[in-house]
Amino acid sequence: MRLPTKNMVIAACCGNADLAHPILPAIARLSALHRDRLAADPVDLRGIDCARGTLVREIDHWVALEHRQRPAAYLHTESLGSVVDRMTRTHAWACQLLLSASGADLSVHSAWTVLAELTDAYQDLVTEVECGRRRLPLTQPWEIIAADSTRSGCW
């Protein structure tokens with residue numbers, strides 16, 4: 001199965017659950033956690049970040065199981081889960097700015113520009129991974145086992 005496109009990721013960030021891909025529900029939950037994080041009390045941040053880490057590992061686990069990667073391909077610096085986590089964080093931040101600032105505020109334009117650049121870079125990465133020019137760092141086997149056994153908690 002192919003990796004989700006940038007449009008699918010953004011749709012998941014917006015809560016569109018109609019898209020059929022195994023990692024889109026995790027992306028939608030990541031996005032919701034980032035929205036929660038923006039309004040959370042500092043006491044709640046650890047639990048939110050723990051849940052985010054679990055979802056990132058679930059995404060990386062799926063990629064490791066579903067995508068054969070060429071060992072000779074150039075290694076990317078981040079896992080797909082990390083990239084998606086950054087995209088969902090930026091999406092939540094841009095949406096919050098859009099709702100709280102005036103449309104003419106330069107920070108709103110800047111936030112959406114950053115998100116557009118991230119989504120384009122994500123799509124470039126997906127294209128390179130799928131054609132074998134780039135590989136993603138793999139989750140370590142002990143992280144996959146730990147993620148499976150600690151879904152309700154953080155280590």
If you define the side chain from C-beta out and look only at heavy atoms, does anything of W62 sit under 4.5 Å from L3? yes
Donor on one side chain, acceptor on other, S110 and T113, under 3.5 Å: no
Between L136 and S79, is a side-chain contact (heavy atoms from CB on, under 4.5 Å) present by the stated rule, with each step listed? CA-CA 5 Å; L136 298 164; S79 71; 5.6 Å; no
H76: ring pair (Phe, Tyr, Trp, His ring centres under 6.0 Å) partners, not counting sequence neighbours: none
Distance-only, no hydrogens or angles: does the Q123 side chain make a donor-acceptor pair with backbone N or O of K6 under 3.5 Å? yes
Atom of P25, atom of P22 and distance for their closest heavy-atom approach: CD-O, 3.6 Å
For the pair R52 and D49, evaluate salt bridge (Lys or Arg N to Asp or Glu O under 4.0 Å) and give the outcome as yes or no after the intermediate values. CA-CA 5 Å; R52 283 180 39 234; D49 290 342; 2.6 Å; yes
When rounded to the nearest 0.5 angstrom, what distance separates CD1 in I23 from CZ in R29? 11.5 Å
So do V129 and V126 actually touch side chain to side chain, heavy atoms under 4.5 Å? no
Got L55 and E58 here, is their nearest side-chain heavy-atom distance under 4.5 Å? yes
Member of V83, T54, L30 meeting the side chain to side chain contact (heavy atoms under 4.5 Å, CB included) criterion with I59: L30
Once you round to the nearest 0.5 Å, how far does CZ of R86 lie from CG of L118? 5.0 Å
Interatomic distance, CG@L38 vs CG@L97, rounded to 0.5 Å, equals 9.0 Å
Taking the side chain as C-beta and beyond, is there a heavy-atom pair between W112 and S107 under 4.5 Å? no
Test of understanding: clusters of I, L, V, M, F, W, Y form through side-chain heavy atoms closer than 4.5 Å, transitively. Do V9 and V114 belong to the same one? yes
Quick one, I10 with T119, criterion side-chain contact (heavy atoms from CB on, under 4.5 Å). Give me CA distance, side-chain angles, the key distance, then yes/no. CA-CA 8 Å; I10 293 300; T119 58; 3.6 Å; yes
How far does NE2 of H61 sit from CD of E66, to the nearest 0.5 angstrom? 9.0 Å
Reported CE-to-CG distance for the pair M87 and L80, which is rounded to 0.5 angstrom: 9.0 Å
Between T5 and N7, a side-chain donor and acceptor under 3.5 Å: no
Atom CZ in R133, atom CG in L125: separation rounded to 0.5 Å? 11.0 Å
Are the side chains of R89 and R37 in touch, meaning some heavy atoms are under 4.5 Å apart? no
Would you mind listing every side chain to side chain donor-acceptor pair (under 3.5 Å) that reaches into residues 91-101, with sequence neighbours excluded? none
Are side-chain N/O atoms of R35 and S31 paired as donor and acceptor at under 3.5 Å? yes
Run I27 and T88 through side-chain contact (heavy atoms from CB on, under 4.5 Å) and show every step you take. CA-CA 7 Å; I27 293 171; T88 58; 4.0 Å; yes
Heavy-atom distance under 4.5 Å between the side chains of R70 and R135, does that happen here? no
Please examine the side chains of L75 and P137, heavy atoms only from C-beta on, and report whether any two atoms are closer than 4.5 Å. yes
Run the side-chain contact (heavy atoms from CB on, under 4.5 Å) test on H34 and T90 for me, step by step, so that the C-alpha distance in whole Å, both residues' side-chain angles and the decisive distance to 0.1 Å come before the verdict. CA-CA 9 Å; H34 278 294; T90 304; over 6 Å; no
